[in-house]
K.L.:
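Let me begin by handing over the structure; questions about it come next.
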Amino acid sequence: MSDSSGVPTMTVLVVEDNPSVASLLQRGLEREGYSVDLAINGRDALALGMENPYVAIVLDLMIPAPDGLTVVRRLRQRGRWVPVLMLTARDQVEDRIAGLRAGADDYLGKPFSLRELTARLHALSRRASYDRPNVLRAGGIELDPVSREARRDGLSVPLSSREFDLLAELIRHPGGLLTDSYLSEHVFGSQTADTLAFYIQRLRDKLDQPFDRKVIQRVEGAGYRLDPGP
């Protein structure tokens, strides 16, 4: 993005459905030298976030569908690594963890200090916004979040989008037990247990059956874990 003289501008996307808060953020960020685009719902946020090279996104969690968690998760799934500051009244530890796991880079609760918000935003926007994320590795499996390619023991494994997202959640916690409810919420958006079981079986068919060691393990009555291997 550039201004009328062709000079690049530091443009931030603010996603906020409360007009007074959105106006406050816009005025405050413009005083700090940013150009500001506004979105009031998740649909517009996704469209703008995919189309424009923002230096950062200020994203409210509770916006008209899709919500903030879904927006940041979908941006990451589509290879958009712009820094995201999640801004929300839901400031419990569990909410912050959910936001960070979905792909947010920072989290600030409402009510907030505009000075703190701009300081955090300056720190985020100094980062290389579009750096390629690291390949995920565990248990002989490699996942590339950018190309969305999967390999096991060097062999390519074709995965659907949902299968990739489910395996990525497991591989981010190698050896850790992830409950059925956690996986359903974070990967499928509170789908039924049957949906989770269906995709787990598809992953097992592709990742476990052709190999000697089974990497996706079921802990009966609790959840699933990915065996990190020796």
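One-based numbering along the sequence shown. Scope of the values below: all heavy atoms of this structure, side chains included, with no hydrogens, waters or symmetry mates.
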K.L.:
Does a side-chain heavy-atom distance below 4.5 Å link L121 with L29?
P.N.:
yes
K.L.:
Might you point out which heavy atoms bring A39 and D44 nearest each other, and give the distance in Å?
P.N.:
CB-CB, 4.1 Å
K.L.:
Is any NZ, NE, NH1 or NH2 atom of the basic residue among R152 and D208 found under 4.0 Å from an Asp or Glu carboxylate oxygen of the other?
P.N.:
yes
K.L.:
Go through the steps to decide whether R27 and V36 satisfy the test side-chain contact (heavy atoms from CB on, under 4.5 Å), and finish with yes or no.
P.N.:
CA-CA 9 Å; R27 293 195 308 270; V36 178; over 6 Å; no
K.L.:
Quick one: do M62 and D67 satisfy side-chain contact (heavy atoms from CB on, under 4.5 Å)? Show the steps, please.
P.N.:
CA-CA 6 Å; M62 302 300 291; D67 66 12; 5.7 Å; no
K.L.:
Working to the nearest 0.5 angstrom, can you tell me the gap between R137 CZ and R151 CZ?
P.N.:
11.0 Å
K.L.:
What heavy-atom pair brings L75 and G49 nearest, and what distance separates the two atoms?
P.N.:
CD2-C, 4.0 Å
K.L.:
Working to the nearest 0.5 Å, report the span between CZ of R202 and CZ of R162.
P.N.:
11.0 Å
K.L.:
Is the count of non-hydrogen atoms from other residues, nucleotides or ligands lying under 6.0 Å from L136 atom CG greater than 12?
P.N.:
yes
K.L.:
Between CZ of R172 and CG of L143, what distance do you get to the nearest 0.5 Å?
P.N.:
8.5 Å
K.L.:
Considering all heavy atoms of both residues, which atom of L159 and which atom of A150 are nearest to each other, and what is their separation?
P.N.:
CD1-CB, 3.6 Å
K.L.:
Partners of D106 by salt bridge (charged side-chain N to carboxylate O under 4.0 Å, His left out), sequence neighbours excluded?
P.N.:
R120
K.L.:
Rounded to the nearest 0.5 Å, how far does CG of L117 lie from NE2 of H122?
P.N.:
10.0 Å
K.L.:
Determine the minimum heavy-atom distance between V71 and A45, stating which atoms define it.
P.N.:
CG1-CB, 4.2 Å
K.L.:
Please give me the minimum heavy-atom distance between G68 and I63, naming the atom from each residue.
P.N.:
N-CG1, 3.9 Å
K.L.:
In terms of hydrophobic clusters joined by side-chain contacts under 4.5 Å, are Y34 and F112 together?
P.N.:
yes
K.L.:
Looking at side-chain heavy atoms only, is the closest gap between K110 and L87 below 4.5 Å?
P.N.:
yes
K.L.:
Does N41 use its side chain to pair, donor to acceptor, with the backbone of R43 at less than 3.5 Å?
P.N.:
yes
K.L.:
When clusters are formed by joining ILVMFWY residues with side-chain heavy atoms under 4.5 Å apart, either directly or through shared neighbours, do V21 and V14 land in the same one?
P.N.:
yes
K.L.:
Any donor and acceptor pair, going by atom type alone, linking the side chain of S23 with main-chain N or O of P19 inside 3.5 Å?
P.N.:
no
K.L.:
State, yes or no, whether a side-chain contact exists between L25 and V12 at a heavy-atom distance under 4.5 Å.
P.N.:
no
K.L.:
For side-chain contact (heavy atoms from CB on, under 4.5 Å), just list the numbers for I141 and I171, CA-CA rounded to whole Å, side-chain angles, deciding distance to a tenth of an Å, and then say yes or no.
P.N.:
CA-CA 8 Å; I141 298 171; I171 206 172; 3.9 Å; yes
K.L.:
Please check if the side chain of D105 supplies one atom and the backbone of V84 the other of a donor-acceptor pair under 3.5 Å.
P.N.:
yes
K.L.:
For residues L48 and M50: do they belong to one hydrophobic cluster (side chain heavy atoms under 4.5 Å, members Ile, Leu, Val, Met, Phe, Trp, Tyr)?
P.N.:
yes
K.L.:
Backbone N or O of P158 within a donor-acceptor pair of the K206 side chain at under 3.5 Å?
P.N.:
yes
K.L.:
Mind checking the CD1-CG spacing from I200 to L167? Nearest 0.5 Å is all I need.
P.N.:
9.0 Å
K.L.:
Roughly how far, to the nearest 0.5 Å, is CD of E16 from CG of D60?
P.N.:
4.5 Å
K.L.:
With clusters defined by side-chain heavy atoms of hydrophobic residues (ILVMFWY) lying less than 4.5 Å apart, directly or transitively, does I216 cluster with L177?
P.N.:
no
K.L.:
Please find out if less than 6.0 Å separates the ring center of H173 from that of Y224.
P.N.:
no
K.L.:
Could you pull out all residues at least two apart from Y182 that satisfy ring pair (Phe, Tyr, Trp, His ring centres under 6.0 Å)?
P.N.:
H186
K.L.:
Between V82 and R76, does a side-chain contact (heavy atoms from CB on, under 4.5 Å) hold up when you go through it step by step?
P.N.:
CA-CA 9 Å; V82 52; R76 298 316 189 215; 4.3 Å; yes
K.L.:
Under 3.5 Å, is there a donor-acceptor pair between the side chain of R80 and the main chain of L46?
P.N.:
no
K.L.:
Show the nearest heavy-atom pair for residues I40 and D17, with the distance to one decimal.
P.N.:
O-CB, 3.3 Å
K.L.:
Would you call R218 and D180 a salt bridge, using N to O less than 4.0 angstrom?
P.N.:
yes
K.L.:
Same cluster for V157 and F198 if Ile/Leu/Val/Met/Phe/Trp/Tyr side chains link at under 4.5 Å?
P.N.:
yes
